[in-house]
Amino acid sequence: MSMLQDASPHLSRISRFFQTFRVFLGETVIWTFLIVMAIIEFAPISWILATSLRNPSESFKLPPDFWPTSFHWQNYLAVINSPQINFLLFFWNSLKIALITTLAQLLTCSMAAFSFARLRYPGRDLIFFLFLSSLMVPATVIMIPTFILIRMLGLLDSHWALILPATTSAFGVFLLRQAFMGIPSELFDAAKIDGAGYWRMYWQIALPLVGPALSALAIFTFLGSWNNFLGPILYLRSWDNYTFPIAIVMLSGYMGTGNRAHVLAAVMISILPVLLFFLMAQRFVIRGIAVTGLKG
Amino acid sequence: MQEIVAGYLFIAPAFISLFIFLVVPILASFVLVFMRYDVLSPPSWNGFENLSQLSRDGRLQQVYWNTFRFVVFATFFNNLLGLLLAMGVNRAMPSIIKYLLRTALFFPVLTTTASLALVWNFLLTQDRGVVNYLLQQVGLPPVPWLSSSSWAMVSVVMFDVWRACGFLMVIYLAGLQAIPEVLYEAAAIDGASQLQRVRYITLPLISPTAFFAIIISIIGAAQVFDNVWVLTGGGPGDATRLIVLYVYEIGFKRFEMGYAAAVSLTLFAILVVLTLLQFRLSRRWVHYD
Amino acid sequence: MSTRGESIFGVAMSRRELLRWTAMASAGALLAACAPGALPTAEEPAPSKAKVRIIATTQMPISQWEPAMKRAVEQLPDIDLMITQTNISEGGWAGYSDRIVTQIAGGEQLDVIMIAVEGLGLLTDKKILMPLDDYFLADPAEKEILETDIHPVLREMLQVDGKQMEYPFSWNNMVLYYNTKIFEEEGIDPPSKDWTWEDFLEVCLKVARVTGGADDRYAYSFWGSGMFGMAAWYFNNDTSPLNDSWTASNLMDPKVAETLQFLADLILKYRVSPNPQGWEEWAQFHAGHLVMRTCGRWCISGSLNEGFTTYDLQYQPHRSGPFKTVVGTDGWGISTSTKTPDEAWTVVKFLSNKDASIDMTKAGGNIPALRSVAEMPIFAEYGPPNTAIFYESLDFAKTVPSPKNFNIIDPILNRHYQTIWNGEKSVEEALIAAHAEVTAEMEKLQAGRASFASAGLGTLAMACGCNQ
């Protein structure tokens, strides 16, 4: 007995040492993982930046740079003034489409979500189920008939061909419904007693309370539209209507005449606005998703 | 009564949009399957020709096999890395570091896929490409990233994971932050190790998020187009031709709209079965509260 | 809903509300900004002098046409000319003609179309181009130009069933570009006109320096795809991927295999050529990491832009059969969907004239179809010393294989070439697979023609009519 009692402090010191060591090891592994991943994720981006600032004739030179070693900012001017693309116009087209789509989705999704979450009427759950199941239909499946539909509507080669099919999303409805469900119903009861109509309940009470969820939906929608590539390829034809992602691919040139430094400068330009937005709104976006609690 | 009217009015905009641009096209594709339609001349009845062509199309099998591998690997690695990154970032650390880490990891998500694919094309060129140069500097042999059939698929998956795992990270991060801190504190008092805490608290409580994330990833991966269009063009040979690219080519390069619709419908059928299966299986591993 | 008014216009409008309404208002403004151009409204109000709008589309960089558009304002007072560039870097002529077809199918206005011989078959087959013969008959001056100033090879290339479908504008062949500075440094004589594949390989082995380091230098690179690029090699070995009427596969010809094997060996055996996937010929050539390449005249434009001058041209090396150069021509044609064919013809003439031709020559683009322009000093000025071989090669020109289903055949070939270049399939295996696919498509084309004929021209007219 006494032997055991004597040994225990000794043993616990060893085990504590092992525990500290394990924690230390764990920390090292986790941090190495995080740093390596951050480098892998970021290195190509910093390569883009560095190469976009190289003299165009040196953009193929090896070894590659991962931070700017020269400052040939003329590449950026060359993109903006490129005769191959109409930079400002394409940029504006992309921005316009993304903004309209985002605003439309925020409105239609939040209205529908409010209705699903807060109002009671026959057929509600059935319709909601329909919305949910549409989440499972990839756009690919309906690519061909949608193209024919857009053509029948006479919307080919117009930005409406990209905006109209994206005016709502089942994902957004689902996301916001969760958020509206989280609002205490006492708030609405109180409003009802005050004689508020449904529109006012939605607009004045419900919407302001789901700001984070709205912002999360806004950034997803914006990104989706901003990055859309297949849509413009399918629907847009004329020069004046092209969007930015197409412009970047076009810059790579007629039969490969492109200039790598210029292409990369264009890529940098396309990244910047979104980056600035994310740097400012990062916390908000993440909280937005967290608050809505994608808990299924 | 008023509530009923208001209810319908509120869903009307979303419903109409969904009906026109989702329900109508789905119904239309069931008709289109029986048509021969080259966009220029009016459609004509084609019977079951398009459907029987499905079984004769040797390339379709290859395309499905590609898509299957792509979906499985992209979903697996995106979710695995997304979860690990979220757990890593969701630790106590100086807020500036957290901020930088999150931004670096989320960055590729923000950027146009097509232009990033273009960039990776530059990086992965076999001869005089950046990545191969770096490999050769440390004494490794150059890799035919985009030009060999087996490596091209690896590259396409790698690119997708590189681009999208940050997105999954944010979703998992949201799930992690919803787990009450109290649970971990209680577990710590009971002497649970870090791994045990992950095993018995994090994983079960994150399972609804994971379920959602996996479904989103599968649907997203089944729809990948820009990656392969820019990165490999579906090649070499058919090695990275995924289903969307194939449907696009049948429809808009060969102008066989009916057959393209038929191929799309097979994808639809597969995804429906897969999703139902998921819901069924999810009862075993997803824990709601 | 009735309470909405008060809260909006009530006195106590909160800041948040103000912001929200500003957001809504700007959304409205955006919608309005988008609407007029984008929504398909009825007829646009005609400009004061009732100008006819003519839309012409081309694959050439739009900047090249800016002078022409400026001249059009003065010289074509009745026409509101708009030139668009239909091109999304992918797919060459196959991708371009695909897009034209979808554009027409979409009911979009397209009056004048530039297309090369590779896409001419498809567009004619789909009845998208109308014959120009009547216009030439009514316009003796233009007929004179067509018959005297344009080489018969170019003129006849753009005829289908004896009808002139396009006004030839520019053309290209494929010649070998080489870096003269590196040739001098390595003590290699400039290649002669009659050099052979063996001579070429010898040069390749001498100039290549591939170790995986930063200064790697490849001897030669080629597209590795594209009918035009590959024909440059096939024709010098007296063979072609298709038969002479472009209606059947010729891939089983042992000379096709021999040609592909030679090229594959450059990549896989001798390692003097890079794998074409993702390889950027232009930049590598200008940076001195590539010594030789095969290209048409349009590659001069890149060298002009880069200020790269130490290069010259020679014919492709030769193996067997008569001496031949691959040639492809493009030109302007009139779309059957135009509502104003007469004005479209005016534009076709205008865009094919000397001034437009000179603009293109200066941009370092293709070779002008007008001999009078090709013989101007300006043609030689914009190019290396041996530029003359571009025009003189017409005398032994052979048209690039351009079947009616070029947009389908070309991608099939490219897919199978890729599996040769990466060494996964032997030349024989790849050719057997490609032959089967090409043959199937060619049979489909014949079958389609038969049913097409039986459907009769009435349906055709209907088809064209309902798309407008």
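Below, read A as the first sequence line, B as the second, and so on, with proteins coming before strands; counting in each chain starts at 1.
Between Y198(A) and F10(B), the ring center distance fails the sub-6.0 Å criterion.
Between chain B and the options P245(A), P122(A), A166(A), C109(A), heavy-atom pairs under 4.5 Å are most frequent for P122(A). Considering only heavy-atom pairs separated by less than 4.5 Å from chain B, the leading option among I45(A), T146(A), T51(A) is I45(A).
Only the side chain of I148(A) comes within contact range of chain B, with heavy atoms under 4.5 Å apart. The part of F33(A) that comes within reach of chain B is its side chain, from C-beta onward, which places non-hydrogen atoms under 4.5 angstrom from that chain. I26(B) touches chain A through backbone and side chain together, each having a heavy atom under 4.5 Å away. If you measure heavy-atom distances from L34(A) to chain B, the contacts under 4.5 Å come from both the backbone and the side chain. Only the side chain of F66(A) comes within contact range of chain B, with heavy atoms under 4.5 Å apart. Residue contact with chain B, scored on non-hydrogen atoms closer than 4.5 Å, is absent for R124(A). For L230(A), the parts lying near chain B are the backbone and the side chain together; criterion is any non-hydrogen pair under 4.5 Å. With a 4.5 angstrom heavy-atom cutoff, F147(A) touches chain B only via side-chain atoms. Using a 4.5 Å cut-off between heavy atoms, S134(A) contacts chain B through both its backbone and its side chain. With a threshold of 4.5 angstrom between heavy atoms, L234(A) approaches chain B through side-chain atoms but not through N, CA, C or O. Residue contact with chain B, scored on non-hydrogen atoms closer than 4.5 Å, involves the backbone and the side chain of I40(A) alike.
Between P165(A) and L149(A) the shortest side-chain heavy-atom distance does not fall below 4.5 Å. The closest side-chain heavy-atom distance from N228(A) to L162(A) is below 4.5 Å. Within the 4.5 Å cutoff, the side chain of Y172(B) has no heavy atoms near those of the N90(B) side chain. Here the side chains of I269(A) and F91(A) are in contact, with some heavy-atom distance below 4.5 Å.
Under a cut-off of 6.0 angstrom, the local environment of OH in Y99(B) is crowded, with over 12 non-hydrogen atoms contributed by other residues, nucleotides or ligands. With a 6.0 Å radius and a threshold of 12 heavy atoms from other residues, nucleotides or ligands, L195(B) has its CG atom at or below the threshold. Within a 6.0 Å sphere centred on CE of M93(B), heavy atoms belonging to other residues, nucleotides or ligands number more than 12.
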